[in-house]
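See below for the structure under consideration.
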Amino acid sequence: MFVFSIFGLVGLFIINILFGMYYGFGIRHYWFFESLHFLGGFFIAMFLSHFTHSAVLILVGLAIITFLWELAEDLIARFRKSADYIKRIFNIKDINPVWQDTVLDIFLNFLGAAIFIILFG
């Protein structure tokens, strides 16, 4: 499962960058990024389960990773140079995070992890 989780996470990251952002699929289809957050939570839980079989520790690890990811999104948007770079590279008009989207992202990450824990924990 460890190797599968790494391939899953790397694959999601590539799909996110290439199709979701560069080709704008995620901008045109609202559900795209939501499905990536759900699957990301699932594969992160799978990855963390290799190191611990404790559901609590898996969820704590996911909380840390989720916090860092959402913080990175927020910081990129706050700093003008990084925001302009992302907008130019991915041809995006606005990258300002909205708290409702952040809450949904966090919920979907934990939902994906909970499904993994229920199925395989």
Side-chain angles (χ1 to χ4, degrees):
M1 266 204 224
F2 181 70
V3 174
F4 187 65
S5 68
I6 291 174
F7 280 121
L9 289 169
V10 170
L12 287 175
F13 188 74
I14 291 170
I15 288 169
N16 178 29
I17 296 297
L18 186 61
F19 294 107
M21 295 180 72
Y22 189 76
Y23 289 115
F25 189 82
I27 306 299
R28 292 188 309 269
H29 303 286
Y30 72 92
W31 53 266
F32 182 76
F33 290 127
E34 281 84 355
S35 63
L36 292 182
H37 274 281
F38 174 81
L39 291 171
F42 186 90
F43 284 120
I44 288 171
M46 184 185 294
F47 176 79
L48 294 174
S49 73
H50 178 72
F51 302 102
T52 182
H53 294 292
S54 167
V56 172
L57 290 178
I58 290 171
L59 294 175
V60 167
L62 178 67
I64 293 167
I65 292 167
T66 298
F67 173 76
L68 292 174
W69 185 271
E70 296 299 327
L71 179 64
E73 285 182 359
D74 187 60
L75 290 176
I76 288 170
R78 285 182 191 262
F79 291 102
R80 185 171 189 89
K81 285 187 178 185
S82 62
D84 290 343
Y85 176 76
I86 295 296
K87 287 180 199 176
R88 187 177 66 252
I89 293 296
F90 297 113
N91 196 25
I92 300 172
K93 294 179 183 176
D94 184 28
I95 63 167
N96 293 323
V98 180
W99 72 270
Q100 293 96 334
D101 179 60
T102 301
V103 170
L104 179 61
D105 293 347
I106 293 167
F107 172 76
L108 291 170
N109 285 348
F110 279 92
L111 181 63
I115 297 297
F116 174 81
I117 291 168
I118 290 167
L119 293 176
F120 301 103

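Heads up: numbering here begins at 1 and tracks the sequence. Quick caveat, the model's predicted, so the values are computed rather than measured. Both backbone and side-chain heavy atoms feed into the values below; hydrogens, waters and symmetry mates do not.
Here Phe4 and Phe43 bring their ring centres to under 6.0 angstrom of each other.
With hydrophobic clusters built from ILVMFWY side chains whose heavy atoms lie under 4.5 angstrom apart, Phe7 does not share a cluster with Phe2. Cluster membership check: Phe33 shares its hydrophobic cluster with Val10, using side-chain heavy-atom separations under 4.5 Å among Ile, Leu, Val, Met, Phe, Trp and Tyr. Tracing side-chain contacts under 4.5 Å through hydrophobic residues (I, L, V, M, F, W, Y), one never reaches Trp99 starting from Leu108; they form parts of separate clusters. Taking hydrophobic clusters as Ile, Leu, Val, Met, Phe, Trp and Tyr residues chained together by side-chain heavy-atom distances below 4.5 Å, Val98 does not share a cluster with Phe107. Linking Ile, Leu, Val, Met, Phe, Trp and Tyr residues whenever their side-chain heavy atoms come within less than 4.5 Å leaves Val103 and Trp69 in two separate clusters.
Partners of Asp101 by salt bridge (charged side-chain N to carboxylate O under 4.0 Å, His left out), not counting sequence neighbours: none found. Annotation: ring pair (Phe, Tyr, Trp, His ring centres under 6.0 Å) contacts of Phe32 (sequence neighbours excluded): Phe25.
Taking CZ of Phe110 as the start and CD1 of Ile44 as the end, the distance is 9.5 Å to the nearest 0.5 Å. For the atom pair Glu70 CD and Asp105 CG, the distance stands at 4.5 Å (nearest 0.5 Å). One distance of note links CZ of Phe13 with CG of Leu36; it measures 11.5 Å at 0.5 Å rounding. Within the model, atoms CG of Leu62 and CG of Leu57 stand 12.5 Å from one another, a figure rounded to the nearest 0.5 Å. The distance from atom CE of Met21 to atom CD1 of Ile15, rounded to the nearest 0.5 Å, is 14.5 Å. Atom CG of Asn109 and atom CZ of Phe42 lie 13.5 Å apart (nearest 0.5 Å).
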Kindly indicate, with the supporting measurements, whether the criterion side-chain contact (heavy atoms from CB on, under 4.5 Å) is fulfilled by Leu59 and Leu48.
CA-CA 9 Å; Leu59 294 175; Leu48 294 174; over 6 Å; no
Could you check Asp74 against Arg78 for salt bridge (charged side-chain N to carboxylate O under 4.0 Å, His left out), going step by step and ending with a plain yes or no?
CA-CA 6 Å; Asp74 187 60; Arg78 285 182 191 262; 2.6 Å; yes
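Taking Ile, Leu, Val, Met, Phe, Trp and Tyr as hydrophobic and joining them when side-chain heavy atoms fall under 4.5 Å apart, one finds Val60 in a cluster with Val56, Ile64, Phe67, Leu68, Leu71, Leu75, Phe79.
The minimum heavy-atom distance between Ile76 and Ser82, with the atom names listed, is O-OG, 2.8 Å. For the pair Thr102 and Pro97, the tightest heavy-atom approach, listed with the atom from each and the gap, is OG1-CB, 4.4 Å.
Looking only at side-chain heavy atoms (C-beta outward), Tyr22 and Asn91 stay at 4.5 Å or farther from each other. With contacts defined as side-chain heavy-atom distances shorter than 4.5 Å, the pair Phe38/Ile115 qualifies. Side-chain atoms of Phe116 and Ser49, non-hydrogen and from C-beta on, do get closer than 4.5 Å to each other. Side-chain contact check for His53 versus Ile58: every heavy-atom pair is 4.5 Å or farther apart. Between Phe47 and Met1, the closest side-chain pair of non-hydrogen atoms is not below 4.5 Å.
Aromatic ring pairs are classed by plane angle as parallel below 30°, tilted from 30° to 60° and perpendicular above 60°; the pair Phe19 and Tyr23 is tilted.
Formation of a donor-acceptor pair under 3.5 Å by the Thr66 side chain with backbone atoms of Ala63 is not found in this model.
Environment of CZ in Arg80: sparse, with no more than 12 heavy atoms of neighbouring residues, nucleotides or ligands closer than 6.0 Å.
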